[in-house]
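Some notes on the structure that comes next.
Here is the naming used below: chain letters follow the sequence lines, and residue numbers restart at 1 for every chain.
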There are 2 protein chains.
Amino acid sequence: MTYKNSFREYLGKHGLKATRQREVILDAFLSAGSHLSTEELYRTIREKNPGIGYATVHRTLKLLAESGLAAQRHFGDGHTRYECSSEEQHHDHLICTVCGTIIEFENPGIERLQEQVAARHGFVIEQHRLEIYGRCAGCLVKKEKKQAI
Amino acid sequence: MTYKNSFREYLGKHGLKATRQREVILDAFLSAGSHLSTEELYRTIREKNPGIGYATVHRTLKLLAESGLAAQRHFGDGHTRYECSSEEQHHDHLICTVCGTIIEFENPGIERLQEQVAARHGFVIEQHRLEIYGRCAGCLVKKEKKQAI
DNA sequence: CATCTTGTTGAAAATGAAAATCATTTTTGT
DNA sequence: ACAAAAATGATTTTCATTTTCAACAAGATG
């Protein structure tokens, strides 16, 4: 319930209104898996709420991102994706190029080295993005089996 | 001249033809600064070659990427960018969110830690992308001046 | 060199995701 | 409940990218 309340709080502070649609979209966003696109969430919501329009899903996801509840991610497929970002700290992604699985990870060592690199160039970091693309354990096994045949 | 030849070689091997336009576009790509978008390269080329169309620039850049001479990059601005990738090894980017300056860097330490992270999750890395966004030295100075006034 | 085949070109149209528009509806404070 | 302000959802617009297609050029062949 904390999520709903913090969204309501954000809405209130910004003179925005708590509507049924926003609640439905927030619920769907929270219960669906992470890293989903507007299109995917829209389709999920449509199943139970045929009245909610694409534009509203799009706007609400942007709102969630602005409020800090969601984080936008851009992977390579041309779709903006959103993940729950609430209290968690920054994390990066391992992405399987075969099955599309996305794994989150954190690595303070990498972050520290990034700071060093930035400092060396006189940069002050605002944010960063690290994506590692490769084959996940499962897909590596499948590949071996395929070759064995 | 090596670049031109290796592009010609690629074209030949794939049953494609070496045309005047492709030569012009390759030349422009090589002599222009790195990290340019199709639009930017198109405009540069137009100055001396008004006859070359946007679609041709776009197709040729894709060809260059396929041939390995260019590498596609996606930063946050919604434009696909291309950089010369020839013999250089992998590198990452520092991007100034104020002036748009892009600085390349390499950091073996970060790469090593990435390998560790991947191994921990059973991944085999194919490629990765690290972008650090922040304010460059120049823009930090400007900001200070602004505040001083 | 002429001819033929095949790939290429450039203008224009199509595509697709994201964002904007606008008449109507809903929420909220009084 | 009422008025003011914001939200909704269907549709349109935007913008980068990609495709289409008729005319053209490159390279092979006779």
Please state whether the phosphate of D:dA16, meaning OP1 or OP2, lies under 4.0 angstrom from any side-chain nitrogen or oxygen of B:T80. no
Between P on C:dA19 and CD on A:E66, what's the gap in Å once rounded to a whole number? 11 Å
Interatomic distance, A:Y82 OH vs C:dA18 C1' [rounded to whole Å]: 9 Å
Atom CD of A:E23 to atom C1' of D:dT8: distance rounded to whole Å? 16 Å
If you measure from the Lys or Arg side-chain nitrogens to the Asp or Glu carboxylate oxygens, is any gap between A:K13 and A:E9 under 4.0 Å? yes
Nearest-Å distance, CZ (A:R8) to P (C:dT28)? 9 Å
Determine whether B:I52 and B:L30 fall in the same hydrophobic cluster, where Ile, Leu, Val, Met, Phe, Trp and Tyr are linked whenever their side-chain heavy atoms lie under 4.5 Å apart. yes
D:dT8 OP1/OP2 closer than 4.0 Å to side-chain N/O of A:R20: no
Just checking A:H90 against A:H128, ring centres under 6.0 Å apart? yes
Identify whether A:I110 and B:F105 are in the same connected component of the hydrophobic contact network (ILVMFWY, side-chain heavy atoms under 4.5 Å). yes
Closest to the 5' end of DNA chain D, once B:Y54 and A:L16 are matched to their nearest nucleotides, is A:L16
With a 3.5 Å cut-off and just heavy-atom distances, do the side chain of A:K17 and the base of D:dA5 make a donor-acceptor pair? yes
OP1 or OP2 of D:dG9 less than 4.0 angstrom from a side-chain nitrogen or oxygen of A:Q21, does that happen here? yes
N or O in side chain of A:T56 less than 4.0 angstrom from D:dG9 OP1/OP2: yes
Over how many whole Å does the gap from B:E39 atom CD to D:dT14 atom P extend? 17 Å
Taking only N/O atoms, report every protein-nucleotides 19-22 of chain D pair under 3.5 Å with atom names and distance.
residue: D:dT20; atom: O4; partner: B:R59; partner atom: NH1; Å: 3.4

Using the ring centroid of each side chain, check whether B:H93 and B:H35 are separated by less than 6.0 Å. yes
A:Q72 and A:T80 side chains, donor-acceptor separation under 3.5 Å: no
Would you kindly give the CG-to-P distance between B:L61 and D:dT18, to the nearest whole Å? 11 Å
What is the separation between atom NE2 on B:H79 and atom P on D:dT14, rounded to the nearest whole Å? 16 Å
Mind checking if B:R81 touches a base, just sugar-phosphate, or nothing, with heavy atoms under 4.0 Å? nothing
Does A:Y133 belong to the same Ile/Leu/Val/Met/Phe/Trp/Tyr cluster as B:L130, with side-chain heavy atoms less than 4.5 Å apart forming each link? no
A:R46 atom CZ is separated from D:dA10 atom C1', nearest whole Å, by 10 Å
